[in-house]
Amino acid sequence: MSQTLKEAARKLGLLDEEFEAIECILGRLPNFTELSIFSVMWSEHCSYKNSINWLKTLPRSGSHLLAEAGEENAGLVDIGGGLACAFKIESHNHPSAIEPYQGAATGVGGIHRDIFTMGARPIASLNSLRFGDIHSDKTKHLVRGVVKGIGDYGNSFGVPTVGGEVYFDDSYQINPLVNAMSVGIVEVGKTCSAIALGPGNPVYIVGSSTGKDGIHGATFASDDLGEDAASSLPSVQVGDPFQEKLLLEASLEAIATGAVVGMQDMGAAGITCSTSEMSEKGGVGMRIDLDLVPTRQKDMLPFEILLSESQERMLVVVDKGREKEIEAIFDKWDLNCAKIGEVTNTKLLEFWHKGELVANVPAWDLVLGGGAPVYDREYRRPAYLSQCQSFGLADVAEPRDLVMVADYLLNHPNIASKKWVYEQYDSMVQTNTLTTNKPSDAAVVRIKGSDKALALTVDCNPYYLFSNPETGAMIAVAEAARNLVCSGATPSAITNCLNFGNPYVPEVYYQFVKAVTGMGRACKRFGTPVTGGNVSFYNQSSDQGPVLPTPTIGMVGIMEHTDAHMTLDFKEPGDLIYLIGQSRNDVGSSQYLRKYHQITYSPAPYFDLEEEYAVQQAVSQAIAHKLLASAHDCSEGGLFVALFEMSLPRNLGFAIHLAPGIRPDAYLFGESQGRIVVTVKANKSHELEKLLADVPFSQIGMVTEDNSMVVGNIHFGTLTEKRALYDDCLQGHLD
């Protein structure tokens, strides 16, 4: 019997020593239902057993924070005026690889539920998407399905999708990354916690009925994708945005009564996760009757009911005696509201089915922060990093035709316009988005009834992480902050989605450890604590290996008044163009080097944390003093692409000079960090230069009336000629 159960445990993803630990915890052999409970709760997706020790090193406190990482379902920051911002990012990578439409759609639905279970109304959504070779039919299928899934769910649910990023690289060919972020607003002091308290208080399941979709989804997310991945299709959930809209309104109305003790979304591991985490947090137990759970199929087995990840469901603990209030609200919204049990003082989770106790497990031993296993894995520096460091600029011949390089980059899917994607998203629902016709480096969302706005971004350049995980992670944080600063906001806090390969591979774990270290260093410098997020390991396939290390940063910034919103577009001919920061003879890990020259191994681009911080502070001050007409950071594609993007909105050209001592290709297409392009009226240039006295800067040219692009004596053509290259790239590949 013991050997049979141990074999079952292995198939469920449990290690032999973990099976033995379960025996020790229970003081007996587990039954299959209990084994299934432990397998999902101790999966990487739920327990963070291979990452939590390093995550604890991240800065988790700050002046704006109302909840430290791990305290609530999502991060919570004070934005002033009696309001708080709840925000979080999570992955839905493996489901999207198998069934891209539902995988992406349910990822959006799940992250929104994390926000409104806290009592916050979602006001914005962002996403970070990574795919393989855009020329392959598989990638085209995945892109179309993921984008449609995000658009259909978000548009129907009524929350604007305001920003994001899309990358293409062969490492994501089998295992795409789909990271979704939600942002909501709530009054300070009116949040709801994911906690169970008060023995005797009733426990309800509300929302949709429970079906067999998504069973063992958490385990599925904690394993490599193999050739038989399609057989895991039952692990992909099915979403209903219209049901979620009803659940949103009913949940917020219920929370407002004050009768709700605690509420949690049934995401990964379903009823199992919500009952265990809420009980552990409150130091209580629960007695649950599975016969009372509304189900979509007859004769569902106990483990199926417990592990189902059917969407649009919540677990709610209600003050005893106020049941009728809550039941009436969910009845009004035509949603299930079934009392399935009660809170106990035993600290045990007792699950009953057909009069039989089918599982009896201690809540504390199931969860992250409790008795779930925690490991320190071996890590080893990958050998390829030495090859990266040996690269020198002299290894690359200077291109004879810089115009050809520029055209190539403008037409590359990593740089070209993503309008094929964002035009499928409704960015104007709720009428708060300020960046639809006023483009800036970050999305800006007005807070109704207030002069304030939030600036939002998601950022990560995986090539930088591949070449130097620690520096690359610092750059990801710095670029997110740079985007907010260039938009006129003050960076406040981050959430992260850490996408890596198998943590049992020492070289992969090295990437993870160094990335977390770099992220922590940068967050401390920018004063942006980590409010929480998601770790997604096992993003790899048996034949292609791990994806590029991709720790996506979601950052929120506060704009005290919408008048501070700074846009990136050139405003008028004759405005002077300044480059704040220093250009260098550096093309490391740039799109130019990676894609045009097909050179994989090179260092991360130049980065100095203190220089970066000083440049951002200077730009922030210049915006505050109303000195700038526009601001845009240099990122993928370098200076030339930044200037091109500034030219497009008003069809204004530019004429700049080359930098002495800097190779033209490095100057125009290198991606050395800490550089921001700004424009200023000629009569304000002296005042700007005075303010910039402590940071490197140079006046590099001016905005021109015709729409031509001139660098030194090289004519790069007109915007009219190049616009189609940039605008139609994705559509040409995907339509």
Side-chain angles (χ1 to χ4, degrees), residues 13 40 43 45 90-113 125 127-134 136-157 161 164 166 168 172-180 208-244 265-270 296-297 304 307-313 421 424-425 497 499 534 536 538-542 544 547 734:
V40 293
S43 69
H45 191 74
E90 282 198 342
S91 64
H92 232 221
N93 303 336
H94 281 35
S96 299
I98 305 305
E99 211 301 296
Y101 180 85
Q102 290 294 352
T106 52
V108 172
I111 196 64
H112 283 318
R113 287 195 299 279
S125 177
N127 54 72
S128 175
L129 311 177
R130 317 283 166 148
F131 302 102
D133 179 8
I134 197 172
S136 77
D137 290 340
K138 177 182 177 66
T139 294
K140 292 174 184 179
H141 166 71
L142 290 173
V143 175
R144 293 181 190 122
V146 165
V147 172
K148 184 170 175 56
I150 291 171
D152 284 359
Y153 202 102
N155 298 350
S156 300
F157 184 54
T161 303
V166 184
F168 296 88
Y172 306 112
Q173 183 68 24
I174 304 298
N175 197 133
L177 302 184
V178 177
N179 297 172
S208 296
S209 297
T210 297
K212 294 186 179 183
D213 51 320
I215 294 172
H216 273 297
T219 308
F220 173 52
S222 304
D223 199 4
D224 296 349
L225 282 178
E227 292 181 359
D228 61 346
S231 65
S232 299
L233 193 59
S235 293
V236 180
Q237 312 92 327
V238 177
D240 183 343
F242 301 105
Q243 187 86 337
E244 176 129 327
D265 164 43
M266 288 187 190
R296 291 203 296 268
Q297 285 101 4
E304 293 176 322
L307 272 57
S308 167
E309 295 182 9
S310 294
Q311 298 292 284
E312 291 87 40
R313 300 178 303 155
V421 174
Q424 298 185 53
Y425 303 151
C497 197
N499 306 276
N534 174 222
S536 178
Y538 301 99
N539 291 291
Q540 64 181 55
S541 62
S542 53
Q544 283 201 302
V547 300
L734 298 169

In Å, rounded to the nearest 0.5 Å, how long is the span from NE2 of His92 to CD of Gln102? 10.5 Å
By ring pair (Phe, Tyr, Trp, His ring centres under 6.0 Å) - contacts of Tyr153 (at least two apart): none
Please report the shortest heavy-atom distance between Val421 and Tyr425, naming the atom on each side. CG1-OH, 3.5 Å
Can you list everything that forms a side-chain hydrogen bond (donor to acceptor under 3.5 Å, both in side chains) with Arg130? Sequence neighbours excluded, please. Ser128, Glu165
Give, for atom OG1 of Thr210 and atom CE of Met266, the distance between the pair rounded to the nearest 0.5 Å. 6.5 Å
The ring pair (Phe, Tyr, Trp, His ring centres under 6.0 Å) partners of His112 (sequence neighbours excluded) come to Phe157
N/O donor to acceptor pairs below 3.5 angstrom from side-chain atoms of residues 140-147, sequence neighbours left out:
residue, atom, partner, partner atom, Å
Arg144, NE, Leu734, O, 2.9
Arg144, NH2, Leu734, O, 2.9

How many angstroms lie between atom CD of Gln540 and atom OH of Tyr172, to the nearest 0.5 angstrom? 13.5 Å
When rounded to the nearest 0.5 angstrom, what is the spacing between OH in Tyr538 and NE2 in His94? 9.5 Å
Contacts of Arg113 meeting salt bridge (Lys or Arg N to Asp or Glu O under 4.0 Å) (sequence neighbours excluded), chain-then-number -> Glu244, Asp265, Glu312
Are any of the side-chain heavy atoms of Val108 and Thr161 separated by less than 4.5 Å? no
Shortest non-hydrogen pair, Ala269 vs Val40, comes out as CB-CG2, 3.8 Å
Under the 3.5 angstrom rule, does the side chain of Thr139 hit a backbone N or O of Asp133 as a donor-acceptor pair? yes
Distance check, rounded to the nearest 0.5 Å: Ser308 atom OG versus Gln297 atom CD? 8.5 Å
Compare all side-chain heavy atoms of Asn155 with those of Gln424 and state whether any distance is below 4.5 angstrom. no
Non-neighbouring partners of Gln243 that pass side-chain hydrogen bond (donor to acceptor under 3.5 Å, both in side chains), sequence neighbours left out: Ser208
Among all residues two or more places apart in sequence or in another chain, which pass the side-chain contact (heavy atoms from CB on, under 4.5 Å) test with Asp152? Tyr101, Lys148
Minimal heavy-atom distance between Pro176 and Ala97, with the atoms involved, is CD-CB, 3.5 Å
Looking only at heavy atoms, what is the nearest atom pair of Arg296 and Ser310, with distance? NH2-OG, 3.4 Å
Residues that Ser91 engages under side-chain contact (heavy atoms from CB on, under 4.5 Å), provided they are two or more places apart: Asn93, Asn179, Cys497, Asn499, Asn534, Ser536
How would you list, by chain and number, every residue that makes a side-chain hydrogen bond (donor to acceptor under 3.5 Å, both in side chains) with Ser156, sequence neighbours excluded? none
In terms of heavy-atom contacts, Gly103 and Ser96 come closest through C-OG, 3.3 Å
